[in-house]
Amino acid sequence: MARPSGRSISIEFTKNPDTIYTARSGLVPINDVAKKLKLAERIDSACAGVRNESYTDYKSSQFVLARAYGHLAGLHRTHHLLTSPEMPFIGKLVGFEGNVPADTTYGRFYEGFEEKHIDNMKKINFDLATKKIIEIDGFHVLVHD
C-alpha cells in the first residue's frame, strides 16, 4: 500500500515508563546479516574447546547469538531471556527448535570460557568491524561478500 501523497506516516510511542519495547521485529534483518557474515560459523570456531560438543545438543553459536538477540530485545539477563515469551521467537532464529536450554546449561557454557576464547571472540568483532568499511556521507558502511 502506497503512502498517500502529502501525508506523513508517524508512530507515536507511549510515554508510560512501565512500557517495555523490544527489538523483536528488528531481529529478523539482524539475523539475516549474521547469516550473510557467517557469524555462527565464526563463533563456533572461536569457541572451539569451550566444552565437549558430544555432551550437548547445542552449538556455541546458538548460545551466543540467542544471548545477543535477547540483549537486543531488552532481556539483559540469561534467566530473563530463557523465561521470556520472546524466547520461542529467538529460539527459531538460532535453531533451538523448541528445545530451549536451561539456566544450568548456559552456566556450564560460560564456565568453559578461558582467556583464549574471549580473545577469539574479540578477534571476530575486530575482523567484522575493520575488514571492509567504507564511509558514505558520514556513515560507516560494513561491506562483506
Side-chain angles (χ1 to χ4, degrees), residues 1-3 8-136 138-145:
M1 181 171 116
R3 177 174 66 91
S8 64
I9 297 173
S10 65
I11 300 172
E12 186 173 319
F13 293 93
T14 181
K15 298 196 183 349
N16 183 342
D18 295 327
T19 301
I20 298 172
Y21 295 102
T22 74
R24 180 174 174 159
S25 61
L27 294 180
V28 173
I30 290 170
N31 191 51
D32 288 344
V33 169
K35 284 180 181 177
K36 288 178 182 174
L37 294 175
K38 297 185 178 2
L39 190 56
E41 291 88 344
R42 290 169 182 250
I43 291 169
D44 288 333
S45 176
C47 294
V50 168
R51 68 209 195 299
N52 188 332
E53 296 289 333
S54 64
Y55 291 159
T56 182
D57 294 333
Y58 309 106
K59 294 181 179 181
S60 297
S61 56
Q62 289 175 299
F63 288 118
V64 173
L65 288 172
R67 187 67 188 84
Y69 295 159
H71 191 78
L72 290 171
L75 305 164
H76 302 299
R77 299 195 190 306
T78 300
H79 175 74
H80 295 157
L81 168 69
L82 296 175
T83 59
S84 168
E86 302 281 332
M87 190 56 201
F89 176 76
I90 294 170
K92 279 191 182 262
L93 293 179
V94 300
F96 280 147
E97 316 240 345
N99 188 17
V100 177
D103 280 349
T104 54
T105 305
Y106 253 102
R108 284 192 300 275
F109 174 68
Y110 292 139
E111 286 171 2
F113 265 80
E114 297 174 3
E115 200 66 39
K116 67 179 179 180
H117 299 114
I118 295 167
D119 288 341
N120 289 343
M121 295 292 273
K122 287 179 184 175
K123 286 177 191 168
I124 291 173
N125 184 50
F126 180 79
D127 182 47
L128 293 178
T130 61
K131 197 165 192 178
K132 296 179 184 175
I133 293 183
I134 57 175
E135 188 173 339
I136 300 173
F139 291 95
H140 293 275
V141 180
L142 172 66
V143 180
H144 237 283
D145 293 332

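Every residue meeting the side chain to side chain donor-acceptor pair (under 3.5 Å) condition with Asp44, not counting sequence neighbours, appears here in chain and number order: Ser61. For Asp103, the side chain to side chain donor-acceptor pair (under 3.5 Å) partners two or more places apart in sequence, or in a different chain, are His79. Contacts of His71 classified as ring-ring contact (aromatic ring centres under 6.0 Å, His included), with partners at least two apart in sequence or in another chain: His76.
Rounding to the nearest 0.5 Å places CG of Leu72 at 11.0 Å from CG of Asn31. To the nearest 0.5 Å, atom CG of residue Leu27 and atom CG of residue Leu93 are 6.0 Å apart. Between the OH atom in Tyr106 and the CZ atom in Arg77 there is a gap of 15.5 Å [rounded to 0.5 Å]. Rounding to the nearest 0.5 Å gives a distance of 7.5 Å between CD1 of Ile30 and OH of Tyr69. Taken to the nearest 0.5 Å, the CE atom of Met121 stands 4.5 Å off from the SG atom of Cys47. Atom CE of Met87 is separated from atom CG of Leu75 by 9.5 Å, given to the nearest 0.5 angstrom.
Taking the side chain as every heavy atom from C-beta outward, Phe96 and Ile90 never approach each other to under 4.5 Å. No side-chain heavy atom of Val64 sits under 4.5 Å from any side-chain heavy atom of Val94. Put simply, the side chain of Leu65 reaches to within 4.5 Å of the side chain of Leu39, judged on heavy atoms.
Residues Phe109 and Val50 share a closest heavy-atom pair of O-CG1, 3.4 Å.
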Sequence neighbours left out, cut at 3.5 Å: what donor-acceptor pairs do the side chains of residues 110-118 make with other protein atoms?
from   : atom 1 : to     : atom 2 : distance (Å)
Tyr110 : OH     : Thr78  : OG1    : 3.3
His117 : ND1    : Glu114 : N      : 3.1
His117 : NE2    : Ala48  : O      : 3.1

